[in-house]
Amino acid sequence: MNVLTTVAGCALVALALADAVITSLSMVTGTGPVGGRTARGVWRALLALQARVPRGTRLLEWSGTLTLLATFLTWTALLWAGWWLVFASHDEAVVTSVTAVPAGGWARVYFTGYTVFTLGTGDYVPGTTWAQVATTVASLSGLFLVTLSITYLVQVVQAVVHKRVLAEQIHALGRDAAAVIAGGWTGDGFSSMFNQHLVSLTAPLLRMGEQHLAYPVVHYFHSASLHKAPAPAVAVLDDTLLLLCAGAAPGARPDPAATGPLLSAMDQVLDTLRGQFFSRAEHERPAPPLSVLRQAGVPVVGEERYAAGVREHARRRRSVRGFLYSDGWRDDRGDRG
């Protein structure tokens with residue numbers, strides 16, 4: 001028996017299973033060392049290709065699917081290669097079922113594949129006692145990986161649906177900050193229903209952040225539709241909150257019990273995503289002008305006071321721009337990178 005080959009094979013098996021467990025079940029790190037690098041590599045490659053293809057090509061729409069597929073194939077390849085090395089470490093580890101002749105190299109690859117995926121065709125069998133034990137463990141590991149992958153896929157799909165529903169919920173209030181504010185202003189103040197809409201966004205926004213942390217591959221599911229993309233939706237919401245909290249006159253602002261938690265939730269989500277998915281942009285996004293409020297009939301503060309308020313929110317607006325860039329958008333008006 002070649003001990004070094006056996007150890008190398010066991011190491012690959014352990015790496016595949018550990019990476020799958022960390023990626024699928026960890027609520028702290030989000031991805032394993034292999035899965036994370038695979039996902040980032042696929043996303044960066046697609047971003048680079050998107051920049052070189054004709055405008056309007058929806059290449060990034062396939063990013064999430066391709067990332068998931070690449071991750072699953074990587075786990076499969078590691079597990080397959082690892083058990084193949086184990087079964088290749090001894091001449092009599094795999095033999096033909098009829099003549100008991102030691103199997104060749106490709107035959108061991110075939111035996112490893114149908115063992116890991118529990119096909120059980122029986123053309124080849126383990127030839128030693130330890131190989132019989134290894135065959136059982138290999139089948140168990142393959143079943144475990146397939147089950148874990150399916151469970152992970154279901155959770156990812158649910159998280160992707162949630163983030164797109166959140167984007168649609170925000171855009172349903174208005175396509176931009178001007179439309180959102182105009183829809184909520186009654187002429188005397190912001191309606192109670194408008195405050196309720198703001199309150200209703202807090203929990204889904206926090207949930208989206210936690211889902212990105214638990215299932216990082218969710219970030220790579222890009223929507224070509226502006227109204228289903230969370231990054232542009234967050235940008236619209238940020239513009240709206242900036243105008244309401246820094247631009248509107250104090251007596252005309254919505255209930256702080258509605259805007260305060262929503263602002264805190266946005267800061268928390270951006271802090272959760274920043275570092276793992278994006279970095280703050282060098283410059284903050286341009287602030288919407290006070291004329292947006294004036295056109296809606298909302299009383300406003302002075303220009304200097306508004307400028308000071310904008311500066312107070314500069315860090316968050318740099319994060320929002322970084323979030324937009326990381327999702328393949330150049331801005332929130334529908335331009336993609």
Side-chain angles (χ1 to χ4, degrees), residues 14-44 46-47 60-76 78-79 144-170 200-223 228-234 237 261-262 264-280 316 319-320 322-328:
L15 177 61
L17 296 178
D19 196 84
V21 168
I22 293 172
T23 301
S24 304
L25 303 179
S26 175
M27 297 293 138
V28 180
T29 58
T31 59
V34 177
R37 287 180 174 85
T38 300
R40 289 190 294 271
V42 171
W43 175 246
R44 288 168 183 167
L46 289 175
L47 279 179
L60 292 182
E61 280 190 281
W62 295 94
S63 58
T65 302
L66 292 176
T67 300
L68 269 181
L69 183 61
T71 301
F72 292 157
L73 288 178
T74 300
W75 292 341
T76 300
L78 287 173
L79 192 67
F144 175 76
L145 182 62
V146 170
T147 304
L148 193 65
S149 298
I150 293 174
T151 303
Y152 181 64
L153 176 61
V154 171
Q155 297 296 326
V156 167
V157 170
Q158 291 176 349
V160 171
V161 170
H162 172 77
K163 78 170 188 174
R164 292 186 176 180
V165 169
L166 174 61
E168 290 179 306
Q169 184 179 357
I170 294 173
S200 70
L201 292 174
T202 302
L205 188 61
L206 290 170
R207 183 181 176 188
M208 185 191 74
E210 290 303 314
Q211 286 176 330
H212 273 70
L213 185 62
Y215 312 109
V217 72
V218 170
H219 182 71
Y220 304 114
F221 278 82
H222 176 88
S223 174
K228 293 184 179 181
V234 167
L237 186 59
L262 187 54
S264 297
M266 184 176 292
D267 285 333
Q268 184 175 332
V269 168
L270 291 171
D271 286 341
T272 298
L273 301 183
R274 185 172 51 82
Q276 185 167 358
F277 298 108
F278 67 86
S279 301
R280 283 196 183 102
R316 188 184 70 251
S319 294
V320 171
F323 185 30
L324 282 165
Y325 288 175
S326 73
D327 196 30

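Positions are given from 1, in the same order as the sequence printed here.
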Minimum side-chain heavy-atom gap [X]-[Y] below 4.5 Å:
X      : Y      : value
Tyr220 : Val42  : no
Leu324 : Phe278 : no
Leu68  : Phe221 : yes
Val218 : Phe277 : no
Val269 : Val234 : no

From [X] [atom1] over to [Y] [atom2], what is the distance, rounded to the nearest 0.5 angstrom?
X      : Y      : atom1 : atom2 : result
Gln211 : Leu206 : CD    : CG    : 11.5 Å
Phe323 : Arg316 : CZ    : CZ    : 14.0 Å
Leu166 : Lys228 : CG    : NZ    : 14.0 Å
Ile170 : Leu237 : CD1   : CG    : 5.0 Å
Lys163 : Leu205 : NZ    : CG    : 13.0 Å
Leu148 : Leu25  : CG    : CG    : 5.0 Å

Backbone N or O of [Y] within a donor-acceptor pair of the [X] side chain at under 3.5 Å?
X      : Y      : result
Arg207 : Ala203 : no
His222 : Asp327 : yes
Ser63  : Trp43  : no
Thr23  : Ala20  : no
His212 : Met208 : yes

Closest non-hydrogen atom pair between [X] and [Y], with its separation:
X      : Y      : value
Asp19  : Pro33  : OD1-N, 3.0 Å
Thr74  : Val34  : CG2-CG1, 3.3 Å
Ala167 : Ala233 : CA-CB, 3.7 Å
Leu47  : Gly328 : CD2-CA, 4.0 Å

Practice problem: Mind checking side chain to side chain donor-acceptor pair (under 3.5 Å) for Gln169 and listing every partner two or more places apart, or none if nothing turns up? | Solution: Ser200
Quiz item: Considering residues at least two apart in sequence or located in another chain, which fulfil the side chain to side chain contact (heavy atoms under 4.5 Å, CB included) criterion with Thr71?
Solution: Thr38, Thr67, Trp75
Practice problem: Check side chain to side chain contact (heavy atoms under 4.5 Å, CB included) between Asp271 and all other residues, then give those that pass, not counting sequence neighbours. | Solution: Arg274, Arg280
Practice problem: Give the C-alpha distance, both sets of side-chain angles, the deciding distance and a yes or no for side chain to side chain contact (heavy atoms under 4.5 Å, CB included) between Trp62 and Leu69. | Solution: CA-CA 11 Å; Trp62 295 94; Leu69 183 61; over 6 Å; no
